[in-house]
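Just so we're clear, the structure is a prediction, and the values are computed from it rather than from any experiment.
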Amino acid sequence: MSGVFSAQDHGFMAHALRLAEKGLNTTTPNPRVGCVLVKDGEVVGEGWHERAGEPHAEIHALRAAGGKAQGATAYVTLEPCSHHGRTPPCAEALIDARVARVVAAMQDPNPLVAGNGLSMLELAGIPTACGLMEQEARRLNAGFISRMSRGRPWLRVKIAASLDGKTALNNGKSQWITGPAARRDVQALRARSCAMLTGVGTVLADDPQLTVRDIETPRQPLRVVVDSRLQTPPGAKILLGGGTLIAAMIGVDSRKAEHLRAAGAEVLELPQRDGHVDLNALLAELGRRGINEVTVEAGARLNGALLKAGLVDEIVLYLAPILMGDKARGLFDLPELAEMAGKRALHVLDTRQVGQDLRLTLVPTEAAA
């Protein structure tokens, strides 16, 4: 099912990936998928998955192609599904349309599919190939893959810092470190996220709302506060609109919990680890709720705790061309090192300028490998 791919194959799969990106902010909990149907070197149908419960990318492409789908090659960014969920199997639809060939960027990590879609096509006499531009496809659906393979979301830590690595003054003030362009860019990260995660320290210091602003979006991400002892004030902005999840330790003050529930929050009691909410348990619960991507906007304490727990999959760091002094607060609350052998290595995925600020996208080196 793998093979050698032509330049034309690469071009059409790149087009399918661009279509898949159109569902960046809308498909959760489903993956982002694009499909292109090509016959005699020309696109005869295309589509992408727009929202959960609605037709998949292949169905949109087949409807656009009509009778021209017969004998066409289907380029799909994810293996066509083989099971009945909220929609019928796409593999069956491709078979019924009598396409001549199916090229998938990657196998579906969903155990309900996991190669069965491609096998179904092969058994129907339709040749398949898999692995074309797989890294690009995996990057697009890192959250879905993480949830299916690890049972937890992909966790991205977003940090705005000065050139000397400071995220707030010693008195806690942090608005604004970066410029307007970088702050608009952050809204795009929020829009694609299924959940925003912060700590109660940030809630008390900054009173953030953590909603998507200045970008048209059909949904707002779930807002999650790690608050072991329920210190979140019932009037905090992060509770506005309802639906906020407060993660506390089992056995917290029931009176405080009732006040927060009355303010529209859901209080989730989780096991403790070292006197704080068990972050592994929290992410596992978010995974059970269909959360694919989590973006963290927090302070050094929660950032450091997530890093120490091995839960950080990606760091998006906005570096502003300013200096804040060595007494200001840092990026991660981590133990002091006595030897350089204990340093944590990161792999740079992307570097670009956003307005006057520099945006670095990094992953832990072991994850990159």
| message | Between Arg101 and Asp9 (salt bridge meaning N to carboxylate O under 4.0 Å), is one present in this structure? | response |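 Yes, Arg101 and Asp9 are salt-bridged.
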| message | Rounded to the nearest 0.5 Å, what separates atom CZ in Arg138 from atom OG1 in Thr77? | response |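 Rounded to the nearest 0.5 Å, the CZ-OG1 separation comes out at 13.0 Å.
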| field | From Met148 atom CE to Asn110 atom CG, the distance as rounded to the nearest 0.5 Å | value | 4.0 Å
| query | Is there a donor-acceptor pair under 3.5 Å between the side chain of Asp164 and the backbone N or O of Met324? | reply | yes
| Hey, does the side chain of Gln70 reach the backbone of Ala72 with a donor-acceptor pair shorter than 3.5 angstrom? |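 Such a contact is absent between Gln70 side chain and Ala72 backbone.
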| Ring-face cation of Arg183 near Trp176 (centre distance under 6.0 Å, axis angle within 45°) | yes
Please report the shortest heavy-atom distance between [X] and [Y], naming the atom on each side.
X      : Y      : value
Ala160 : Lys158 : N-CE, 4.1 Å
Pro221 : Ser193 : CB-O, 3.4 Å
His56  : Cys81  : ND1-SG, 3.7 Å

| query | Hey, which of Leu279, Asn303, Leu334 is the one that makes side-chain contact (heavy atoms from CB on, under 4.5 Å) with Lys308? | reply |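 Only match with Lys308 under side-chain contact (heavy atoms from CB on, under 4.5 Å): Leu334.
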| said: Between Glu258 and Arg261, does the salt bridge (charged side-chain N to carboxylate O under 4.0 Å, His left out) criterion hold? Intermediate values first, please. | reply: CA-CA 5 Å; Glu258 285 308 310; Arg261 291 188 179 107; 3.1 Å; yes
| Check against salt bridge (charged side-chain N to carboxylate O under 4.0 Å, His left out), Asp350 and Arg359 | CA-CA 8 Å; Asp350 183 72; Arg359 188 185 78 191; 3.6 Å; yes
| message | The criterion is salt bridge (Lys or Arg N to Asp or Glu O under 4.0 Å); which residues satisfy it with Arg289, sequence neighbours excluded? | response |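 Result, salt bridge (Lys or Arg N to Asp or Glu O under 4.0 Å) vs Arg289: Glu266, Glu285.
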| field | Test side chain to side chain donor-acceptor pair (under 3.5 Å) applied to Asp357 - qualifying residues, sequence neighbours left out | value |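 Per chain and number, Asp357 pairs via side chain to side chain donor-acceptor pair (under 3.5 Å) with no residue.
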| message | I'd like to check the side-chain contact (heavy atoms from CB on, under 4.5 Å) partners of Arg223; sequence neighbours left out, ordered by chain and number. | response |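 Result, side-chain contact (heavy atoms from CB on, under 4.5 Å) vs Arg223: Gln209, Leu210, Thr211, Ile238, Thr244.
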For [X] and [Y], which I'm curious about, is there any donor-acceptor pair between the side chains at under 3.5 Å?
X      : Y      : answer
Arg192 : Asn25  : no
Asn116 : Ser119 : no
Glu122 : Thr128 : yes

| Option from Arg152, Arg156, Arg139 for which salt bridge (charged side-chain N to carboxylate O under 4.0 Å, His left out) with Asp313 holds | Arg152
| query | With a 4.5 Å heavy-atom cut-off, do Leu317 and Leu319 have their side chains touching? | reply | yes
| message | Quick check: do Leu283 and Ile291 have side-chain heavy atoms less than 4.5 Å from each other? | response |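 Leu283 does not reach Ile291 side chain to side chain.
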| message | For His49 and Glu54: C-alpha separation, side-chain torsions, deciding distance, then whether side-chain hydrogen bond (donor to acceptor under 3.5 Å, both in side chains) applies. | response | CA-CA 8 Å; His49 183 44; Glu54 295 186 7; over 6 Å; no
| request: Apply salt bridge (charged side-chain N to carboxylate O under 4.0 Å, His left out) to Arg229 and Glu269, showing your working. | output: CA-CA 10 Å; Arg229 295 168 180 81; Glu269 295 187 32; over 6 Å; no
